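What follows is one structure encoded as structure tokens, with my remarks underneath.
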2 protein chains.
Amino acid sequence: MADVGRVAEVSAQTVSRFFTGSGYVSAPARERIEAAVAELGYRPNRTARSLRSSRSETVGVLAMGQSNYGLWSILGGLSRAARATGYSLLIAQLDIDTEDAGALAEVRHALDGFLSSRVDGIVVSTPFLGTEHLLDRIWDTLPVVTVSGRPWSGADAATADSYAAGLLATRHLTGLGHRRILHLAGPATRIEAVDRNRGYQDALAEHGAEPLPLVRGDWSAASGHAAGLTVDPDAFTAVFAGNDQMALGFMSALRSRGFAAPDDYSIVGIDDMPDARYFAPPLSSVYLDFTELGATAFAMIHERIRTGERLERRIVEPVLRARESTAPIG
Amino acid sequence: MADVGRVAEVSAQTVSRFFTGSGYVSAPARERIEAAVAELGYRPNRTARSLRSSRSETVGVLAMGQSNYGLWSILGGLSRAARATGYSLLIAQLDIDTEDAGALAEVRHALDGFLSSRVDGIVVSTPFLGTEHLLDRIWDTLPVVTVSGRPWSGADAATADSYAAGLLATRHLTGLGHRRILHLAGPATRIEAVDRNRGYQDALAEHGAEPLPLVRGDWSAASGHAAGLTVDPDAFTAVFAGNDQMALGFMSALRSRGFAAPDDYSIVGIDDMPDARYFAPPLSSVYLDFTELGATAFAMIHERIRTGERLERRIVEPVLRARESTAPIG
DNA sequence: TAGAGTGGTACGCGTAAGGGA
DNA sequence: TTCCCTTACGCGTACCACTCT
């Protein structure tokens, strides 16, 4: 940088102002600096800037849970929004789906890494029930935004309304006349799974119907398939799957047992992933805009970093997309 | 750090040695330092370390192309391998799928960001034909590993053998007696698409069969669906889809036109994404271990960073998984 | 007095290098 | 060889001072 200053015949200080945009740099100086930068191939050193200014323009993203459609869409939205503002994203994806000691240690380690790197904020995508206290100490000192079905005490939350999604999905089925509705839920440690289940129960209650015994999967098609092999097909007329992939696996299992949607049962999923409309039959699903959710999460943490202000909690609303996997009860 | 030294009654230098593991620190000093670190809640500052040592223990990952199963799996493998060695990942996902000027500018900008952040190396996941020259200047000075169907001049490459995958998929069909085989290919800018197409052509040539006019998609199920609506169903007896998602869309379109696999035609995909076995019918596909590919890419760049040595190019081999979407020609 | 434009100095937090017991 | 210390940076920015309209 001193070199640039020398070539441009200004002080290093002025070059710094040129890059940060703080303070006054005259037009001629500006031009000479630009020329010198081009000539020398100079590139500002973010590390040094970060050390001195204690702002890194970097956000840590902690992604918990196995890699799936929703998670990556969120990361895509985060990434695009970050790039648009010049921020970098330090991403740690943890393939954990439980809250045992090892998993918590991994989370702690990833968070330590972010703190050591002096990130300006942390986004936690779909935190577990049980990891809350790991964030406790952090959000006193650093902006934290969770992407979560529910707002947490100290952190801001960008929320996809899982409760509403569960309600919407189940109401779609009750609206078609179904009362014996099976719920294929996600993991109990997942806020989204819990909230979708609540929505399911409340929608049933509107019609005085009883929930059937809960069947659990882990969001994967394989777990949906496993569930489909063990359920009693006479116990339900419709299924509300916690996500599209479990619905896919479930349909496959029932097909192998001679039952097909929508003739033998109706099924609705959540996410409306792009593939869902091409399933056989095309899957009715509740759309959640995860890309928007990620972008929102970034906007929230960015605002918090810049101004210290908390943006109002933002909610992505679910939208029902009825297709051929659901039909009126016959 | 000086504070830690004061409390532990050693110099800051010794504390530094304690953390970096370079040089000698006696057991008692070690204990006192540990106690002091715990007492003060001290956390080393990676920014300062990076500035002084000019090693950031951070790798930049440039992910090009729309978010899909293969890309996510690669990133997952990279992330896990990085965490295992204490490295951080700066990830930029660019939702671009063409090589127009704007896209190249985005790539350049993302790479600039990595260089400004003084990453120790760059991984480019599935580069385009046409972005090569953007990396030219970089790999002279910085380790670059591409995750690509083909090794590039200056960069190491972790490779999933797309040519072999195309060969395998097509041979599976010719082995079942098919000769009029349609290829639903990925974008022409994609090395993987080009190589899979070569495999297809060579496998046909083994039987003196002619390729049918190429149909292109963009890897998405929607593009497969669009293709399936326009093709002439009498022109082929089998389809080789460039990936599973296009196969899904294609099957859906043909189903709507009254044609079903495997009775009316056979279809094979590539990737063997976890959902593929639950499609209707279960999709024959060529498995590629993208997670392993990502882990391999990290191992290569890590070795290059640590020792300067180039690891031998590593190739992930495809594996055919025949299921019910393919049948002998009737 | 206010504001535009520029420069000098100290400092952020560690590590490399080299010396000394 | 083991152990520890002192000194000099790495590369920018915060802060303040200064000049000139």
Side-chain angles (χ1 to χ4, degrees), chain A residues 1-34 36-37 40-58 86 88 112-120 141-142 305-306, chain B residues 1-34 36-37 40-58 86 88 112-120 141-142 305-306:
Chain A
M1 189 152 170
D3 294 342
V4 174
R6 217 164 295 130
V7 172
E9 296 175 330
V10 293
S11 71
Q13 196 41 236
T14 302
V15 180
S16 170
R17 269 195 300 269
F18 169 80
F19 276 110
T20 57
S22 69
Y24 310 100
V25 181
S26 65
R30 206 170 279 278
E31 273 172 34
R32 290 203 309 279
I33 292 172
E34 273 168 14
V37 165
L40 300 175
Y42 171 79
R43 203 186 305 278
N45 185 327
R46 290 185 70 164
T47 306
R49 169 184 297 190
S50 165
L51 178 60
R52 176 64 227 205
S53 67
S54 58
R55 274 173 282 108
S56 60
E57 305 213 314
T58 299
S88 296
D112 268 359
F114 289 156
L115 295 178
S116 277
S117 297
R118 300 298 192 263
V119 297
D120 294 337
T141 57
L142 203 63
I305 290 167
R306 282 197 320 123
Chain B
M1 189 152 171
D3 294 341
V4 174
R6 214 165 297 131
V7 172
E9 296 175 329
V10 294
S11 72
Q13 193 43 236
T14 303
V15 180
S16 170
R17 270 195 305 271
F18 169 82
F19 277 112
T20 57
S22 70
Y24 310 100
V25 181
S26 64
R30 204 171 280 278
E31 273 173 33
R32 290 203 309 277
I33 292 171
E34 273 168 14
V37 166
L40 299 175
Y42 170 79
R43 204 184 305 278
N45 184 327
R46 289 184 70 167
T47 306
R49 170 184 295 191
S50 165
L51 178 60
R52 176 65 230 207
S53 67
S54 58
R55 275 174 281 108
S56 60
E57 306 214 315
T58 299
S88 296
D112 268 359
F114 289 156
L115 295 178
S116 276
S117 297
R118 299 299 192 263
V119 297
D120 294 337
T141 58
L142 203 63
I305 290 167
R306 282 199 320 124

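If you're wondering where the values come from, they're calculated on a predicted model, not measured in any experiment. Per chain, numbering begins at 1; letters A, B, ... match sequence-line order.
- Residue A:L40 contributes atom CG, which lies 14 Å from atom P of D:dC11 at whole-angstrom precision.
- Rounded to whole Å, atom P of C:dC13 lies 12 Å from atom CE of B:M1.
- Within the 4.0 angstrom heavy-atom criterion, no nucleotide atom of any strand lies near A:F18.
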Inset, instruction - Show the numbers, then the answer: is there a side-chain contact (heavy atoms from CB on, under 4.5 Å) between B:F114 and B:L142? - result: CA-CA 11 Å; B:F114 289 156; B:L142 203 63; over 6 Å; no
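- The residue A:S54 sits apart from the nucleic acid: no heavy atom pair falls under 4.0 Å.
- Shown here are the side chain to side chain contact (heavy atoms under 4.5 Å, CB included) partners of A:F18, two or more places apart in sequence or in another chain: A:R30, A:I33, A:E34.
- The shortest distance between the side-chain N/O atoms of B:Y42 and the OP1/OP2 oxygens of C:dG14 is below 4.0 Å.
- Across all strands shown, A:V10 has heavy atoms under 4.0 Å from sugar-phosphate atoms exclusively, and none from any base.
- For C:dA16, neither phosphate oxygen OP1 nor OP2 lies less than 4.0 angstrom from any side-chain nitrogen or oxygen of B:R52.
- Other residues, nucleotides and ligands contribute at most 12 non-hydrogen atoms within 6.0 Å of the CZ atom of A:R55.
- Put simply, CG on A:L115 is 16 Å from C1' on C:dC13, counting in whole angstrom units.
- In summary, the side chains of B:T47 and B:S50 do not present any donor paired with an acceptor at a separation below 3.5 Å, with no hydrogens or angles considered.
- At the heavy-atom level, A:R30 lies nowhere under 4.0 Å from the strands shown.
- Between the CZ atom of B:R118 and the P atom of D:dG10 there is a distance of 13 Å, given to the nearest Å.
- Using a 4.0 Å heavy-atom criterion, one finds that A:V25 contacts the sugar-phosphate atoms exclusively.
- Among the atoms of the strands shown, none is found under 4.0 Å from any heavy atom of A:A2.
- Here B:S16 reaches the OP1 or OP2 of C:dT15: one of its side-chain N or O atoms lies under 4.0 Å away.
- Among the heavy atoms of the strands lying under 4.0 Å from B:R17 is at least one base atom, whether or not backbone atoms are also near.
- Side-chain N/O atoms of A:S26 include one lying less than 4.0 angstrom from OP1 or OP2 on C:dT6.
- Between A:S53 and the phosphate of D:dT13, there is no side-chain N or O to OP1/OP2 separation shorter than 4.0 Å.
- Protein atom CZ of A:R49 is 18 Å distant from nucleotide atom P of C:dC13, rounded to whole Å.
- Residue B:Q13 is the one, among B:L51 and B:Q13, whose nearest nucleotide of DNA chain D lies closer to the 5' end (criterion: closest heavy atom).
- For the pair B:R32 (side chain) and B:A8 (backbone), a donor-acceptor distance under 3.5 Å is present.
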Inset, instruction - Could you give me the CA-CA distance, side-chain angles and deciding distance for A:R49 and A:T20, then say whether side-chain contact (heavy atoms from CB on, under 4.5 Å) is met? - result: CA-CA 10 Å; A:R49 169 184 297 190; A:T20 57; 4.2 Å; yes
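- Atom P of nucleotide C:dA16 and atom CZ of B:F19 are separated by 15 Å, given to the nearest angstrom.
- Rounded to whole angstrom, the span from the OH atom of B:Y24 across to the P atom of D:dC3 amounts to 8 Å.
- Atom CZ of A:R55 and atom C1' of C:dC11 are 15 Å apart (whole Å).
- Contact check, A:T14 against C:dG7: a side-chain N or O comes under 4.0 Å of OP1 or OP2.
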